[in-house]
Amino acid sequence: MLEINKIRENKESIISLLKVRNKDFSQLIQDALSQDELRRKSQFTLDQELSEMNQISKKIGELFKEGKQEEAIVLKNKTVLLKESTKKLKEQLLSSEIAIKEILCQIPNVPNAIVPAGNSEEQNEVIQTFGKEPNLFDGAVPHWELAKKYNLIDFELGVKITGAGFPVYTGKGAQLQRALINFFLNEAISNNYQEVIPPLLVNADSGYATGQLPDKEGQMYFMQEDQLYLIPTAEVPITNIFRDVILNENDFPVKRVGYTPCFRREAGSYGKDVRGLNRLHQFDKVEIVQISHPEKSYAILDEMVAHVKALLEKLGLPSRVLKLCGGDLGFTACLTYDFEVFSAAQDKWLEVSSVSNFETYQSNRLKLRFKSKNEKNQLVHTLNGSALALPRIMAALLENNQTEKGITIPEVLVPYTGFNIISNVE
RNA sequence: AGAGAGGUGGCCGAGUGGUUUAAGGCGCACGCUUGGAAAGCGUGUUAGCGCGAAAGUGUUACGAGGGUUCGAAUCCCUUCCUCUCUACCA
């Protein structure tokens, strides 16, 4: 959520930066500002009247003590009108506060000035490409066929147990999956991230604080009975560790990493892109989260991008980095870099990571601040990124590393898997 | 899940309707004292919002939300959480 004070101070530049999202938010912003004016007026009058009330009450107490009942009663009568008036003012104050919040929830984060214009993913800007595309032998097949051939993933079994989008990993498929998770966690730990294992269900407060609610309500699985949401990403519970927290300046940088399964309803996304591991309802992901001093957040974003890049390089996957354009930028982000790996057998790019700076958009809701030495407490910047999402990495690994003899395991993973090839020979 | 006891500042802890302007203690910061330190003494030490150029000042918050009252940490209702015992279980 944007800060109303900042909107008041930088109205014009906020409106113009938001234009890159291909939508005009000037009306909403104007509405928020008028509500804000109303709010401040109400509060000013209310505070004055409450102050008067407090004084009268104090006096009544004193009069009773001195036994001056009659004078006290006169004063009591005087409060009747005041009381009515404060009640109305309180309602007005509350309703403008609610109105402001409602409006602010509809306004996405202000894109960074370097976010390119564009209204679809085609206009995302490729900023670097690395890794070598493999030369596959004749007869190379997509990962869903490999999964079947080598008994790595059983999609039909998942359908029986749960439904589409809930695959069962078996044998070496399961072992490879676990190896990847451990590899990603260890790489993060060696970059000074602290590991956490958070809850997989969160309450509505947490959903609101990181911005999944109300924006993506329909995308999360919801448990009616206990009013809990299954997490769509570890970002939610990990970032919410810091809800209502005031950090000290020397706590920075805060770096957390967590592996969790992620659950997404993916309502409305059916068709060609959902084949195999490309889009699932349940998938594994290792997520990195940083909480940063406002002045350092863009340097930290670069650091996180470098971290993700190194993972893909170590796995030897042909990849590229995109800077998302305004039309593809998430609701809560200022700047996002996506990583895609090239899936040779499908001949397409698959998104495996998204690294974003949210500046104060989340911390405003989280009420996550830090004590700075001489100034007033101020909001921190939050950032997060996938490092990495498993299914498409698995897909790309299987497809790109297939040989006539079997699927070779990247060297860095061998200590984790305990085998260096998946073949049918055994 | 059933019964009971609780939830007060950074921490401990007093407070059952009116100087609570939240006692007292611990911790922390600064100052005095000292050759230096400790002790001692003094001062300060929550957050949000509003008004103000600033100094400052008003208001709100005692788990959360409602209610009673001129006035609520204190009384009433709802709800969340913690602890103890019982039950169940991994």
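What's counted below: heavy atoms across the whole structure, side chains too, no hydrogens, waters or symmetry copies. Letters go in sequence order (proteins before strands), and every chain restarts at 1.
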*Asks:* Pick the nucleotide of RNA chain B nearest each of A/Arg39 and A/Leu75; which residue has the one closer to the 5' end?
*Replies:*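 By nearest-heavy-atom nucleotide position, the 5'-most residue is A/Arg39.
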
*Asks:* How far does the C1' atom of B/U34 sit from the matching atom of B/A39, given to the nearest Å?
*Replies:*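 Approximately 11 Å lies between the C1' atom of B/U34 and that of B/A39.
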
*Asks:* Under 3.5 Å, is there a donor-acceptor pair linking the side chains of A/Gln362 and A/Thr239?
*Replies:*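 No pair is found: no donor N or O on one side chain lies under 3.5 Å from an acceptor on the other.
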
*Asks:* Looking at B/G48, B/U60, B/C49, which one has an atom nearest to any side-chain atom of A/Asn54?
*Replies:*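 When the side chain of A/Asn54 is considered, B/U60 is the closest of B/G48, B/U60, B/C49.
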
*Asks:* In whole angstroms, how far is the P atom of B/A72 from the CG atom of A/Leu50?
*Replies:*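 Computing the A/Leu50:CG to B/A72:P distance gives 11 Å.
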
*Asks:* Looking at B/A53, which nucleotide sits across from it as a Watson-Crick or G-U wobble partner, both distances under 3.5 angstrom, or is there none?
*Replies:*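 By the stated definition (distances under 3.5 Å), nothing pairs with B/A53.
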
*Asks:* Which of these passes side-chain hydrogen bond (donor to acceptor under 3.5 Å, both in side chains) with A/Gln290: A/Lys296, A/Glu303, A/Arg256?
*Replies:*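 Of the listed residues A/Lys296, A/Glu303, A/Arg256, the side-chain hydrogen bond (donor to acceptor under 3.5 Å, both in side chains) partner of A/Gln290 is A/Glu303.
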
*Asks:* Indicate, with a heavy-atom threshold strictly under 4.0 Å, whether A/Ser57 touches base, sugar-phosphate, or nothing.
*Replies:*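 Touches a base.
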
*Asks:* Reckon A/Asn77 touches a base, only the sugar-phosphate, or nothing at all at heavy-atom distances under 4.0 Å?
*Replies:*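 Nothing: the residue A/Asn77, judged by heavy atoms under 4.0 Å, touches no strand.
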
*Asks:* Can a donor-acceptor pair be found between the side chains of A/Glu195 and A/Tyr259 at a distance below 3.5 Å?
*Replies:*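 No pair is found: no donor N or O on one side chain lies under 3.5 Å from an acceptor on the other.
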
*Asks:* Taking atom C1' in both B/G6 and B/A14, compute the distance separating them and give it to the nearest angstrom.
*Replies:*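 It works out to 16 Å between them.
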
*Asks:* In Watson-Crick or G-U wobble terms, both distances under 3.5 Å, what is the partner of B/A64?
*Replies:*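 Matched B/A64 with B/U78 under the 3.5 Å cut-off.
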
*Asks:* Can you measure A/Lys87 atom NZ to B/U59 atom P for me and round it to whole angstrom units?
*Replies:*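 Atom NZ in A/Lys87 sits about 22 Å away from atom P in B/U59.
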
*Asks:* Taking atom C1' of B/G58 as reference, at what distance in whole Å does atom CZ of A/Phe44 sit?
*Replies:*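 Checked: the CZ to C1' distance equals 9 Å.
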
*Asks:* Using both distances under 3.5 Å as the test, list the Watson-Crick or G-U wobble partner of B/U20, or none.
*Replies:*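 Paired with no nucleotide.
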
*Asks:* Of all the nucleotides listed (B/U59, B/C70, B/A47), which has the minimum atom distance to the side chain of A/Phe64?
*Replies:*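 So the side chain of A/Phe64 is nearest to B/C70.
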
*Asks:* Measure the acute angle between the ring planes of A/His307 and A/Tyr193, then classify it against the limits of 30° and 60° as parallel, tilted or perpendicular.
*Replies:*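 Answer is tilted, since the angle falls between 30° and 60°.
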
*Asks:* Expressed in angstrom and rounded to an integer, what is the separation of A/Glu52 atom CD from B/U60 atom C1'?
*Replies:*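 Whole-Å distance recorded here is 18 Å.
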
*Asks:* So what's B/C41 paired with, Watson-Crick or G-U wobble, going by both distances under 3.5 Å?
*Replies:*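 Its partner is B/G31 (Watson-Crick or G-U wobble, both distances under 3.5 Å).
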
*Asks:* Considering only B/G71, B/G48, B/U59, which nucleotide approaches the side chain of A/Met53 most closely?
*Replies:*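 Given the options B/G71, B/G48, B/U59, the side chain of A/Met53 is closest to B/G71.
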
*Asks:* Give me the distance, rounded to whole Å, that separates B/U68 from B/C12 when you measure between the C1' atoms they each carry.
*Replies:*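 My reading of the C1' atoms in B/U68 and B/C12 gives 33 Å.
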
*Asks:* Please report the distance separating the C1' of B/A87 from the corresponding atom of B/A1, rounded so that it comes out in whole Å.
*Replies:*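 These two C1' atoms come out 7 Å apart once rounded.
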
*Asks:* From the list B/U46, B/G58, B/G50, which nucleotide is the closest neighbour of the side chain of A/Ser51?
*Replies:*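 Ranking B/U46, B/G58, B/G50 by closest atom to the A/Ser51 side chain puts B/G58 first.
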
*Asks:* Tell me: NZ of A/Lys90 to C1' of B/G50, nearest whole Å?
*Replies:*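 In whole Å, B/G50 C1' and A/Lys90 NZ are 16 Å from each other.
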
*Asks:* Using Watson-Crick or G-U wobble geometry with both distances below 3.5 Å, tell me the partner of B/A72, or none.
*Replies:*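 The base-pairing partner of B/A72, which may sit in any strand shown, does not exist here.
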
*Asks:* Can you tell me the Watson-Crick or wobble partner of B/G4, both distances under 3.5 angstrom?
*Replies:*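 B/C83 - that is the nucleotide pairing with B/G4, both distances being under 3.5 Å.
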
*Asks:* Can you name the closest pair of heavy atoms from A/Leu397 and A/Ile407 and give their distance?
*Replies:*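 In this case the closest contact between A/Leu397 and A/Ile407 is O-CG2, 4.3 Å.
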
*Asks:* Can you measure A/Asp226 atom CG to B/C80 atom P for me and round it to whole angstrom units?
*Replies:*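 The distance from CG of A/Asp226 to P of B/C80 comes to 11 Å, rounded to the nearest Å.
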
*Asks:* Could you tell me how far B/U8 sits from B/U82 if I compare only their P atoms? Round to whole Å.
*Replies:*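 These two P atoms come out 14 Å apart once rounded.
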
*Asks:* Does either side chain, that of A/Glu125 or that of A/Tyr337, offer a donor lying less than 3.5 Å from an acceptor on the other one?
*Replies:*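 Distance-only check fails for A/Glu125 and A/Tyr337.
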
*Asks:* How many Å lie between CG on A/Leu82 and C1' on B/U59, as a whole number?
*Replies:*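 Rounding to the nearest Å, CG of A/Leu82 and C1' of B/U59 are 15 Å apart.
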
*Asks:* Just the rounded figure in Å: distance from C1' of B/U60 to CD of A/Gln43.
*Replies:*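 About 8 Å, once rounded to whole Å.
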
*Asks:* According to a strict under-4.0 Å criterion, is A/Lys59 in side-chain N/O contact with OP1 or OP2 of B/G18?
*Replies:*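 So the side chain of A/Lys59 is outside the cut-off, no N or O lying under 4.0 Å from OP1 or OP2 of B/G18.
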
*Asks:* Taking B/A55 as the reference, what is the distance to B/G67 when you measure between their P atoms (whole Å, please)?
*Replies:*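 The same atom, P, in both gives a distance of 37 Å.
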
*Asks:* Select one nucleotide: of B/U69, B/A47, B/G50, the one nearest the side-chain heavy atoms of A/Lys83.
*Replies:*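 Looking only at side-chain atoms, A/Lys83 lies closest to B/U69.
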
*Asks:* For the residue pair A/Tyr229 and A/Phe222, categorise the inter-ring angle as parallel (less than 30°), tilted (30 to 60°) or perpendicular (more than 60°).
*Replies:*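 If you compare the ring of A/Tyr229 with that of A/Phe222, the planes turn out tilted.
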
*Asks:* In whole angstrom, give me the gap between the C1' atoms of B/G15 and B/U74.
*Replies:*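 Looking at atom C1' only, B/G15 and B/U74 are 8 Å apart.
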
*Asks:* Say you pick atom C1' in B/A29 and the same atom in B/G35; how far apart are they, in whole Å?
*Replies:*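 About 25 Å, rounded to a whole number of Å.
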
*Asks:* When you match A/Gly61 and A/Asp47 each to their closest nucleotide on RNA chain B, which lands nearer the 5' end?
*Replies:*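 Its nucleotide being nearer the 5' end, the pick is A/Gly61.
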
*Asks:* Searching all strands shown, indicate the nucleotide that pairs with B/G9 (Watson-Crick or G-U wobble; both distances under 3.5 Å).
*Replies:*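 Paired with no nucleotide.
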
*Asks:* Which one, B/C70, B/C51, B/A47, comes nearest to the side chain of A/Ile60?
*Replies:*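 For A/Ile60, the side-chain atoms sit closest to B/C70.
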
*Asks:* Under 3.5 Å for both donor-acceptor distances, Watson-Crick or wobble: does B/U59 have a partner, and if so which one?
*Replies:*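 Across all strands, the one nucleotide that pairs with B/U59 is B/G48.
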
*Asks:* Check whether any side-chain heavy atom of A/Gln378 lies under 4.5 Å from a side-chain heavy atom of A/Pro294, and answer yes or no.
*Replies:*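 Yes, close enough: below the 4.5 Å cut-off.
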
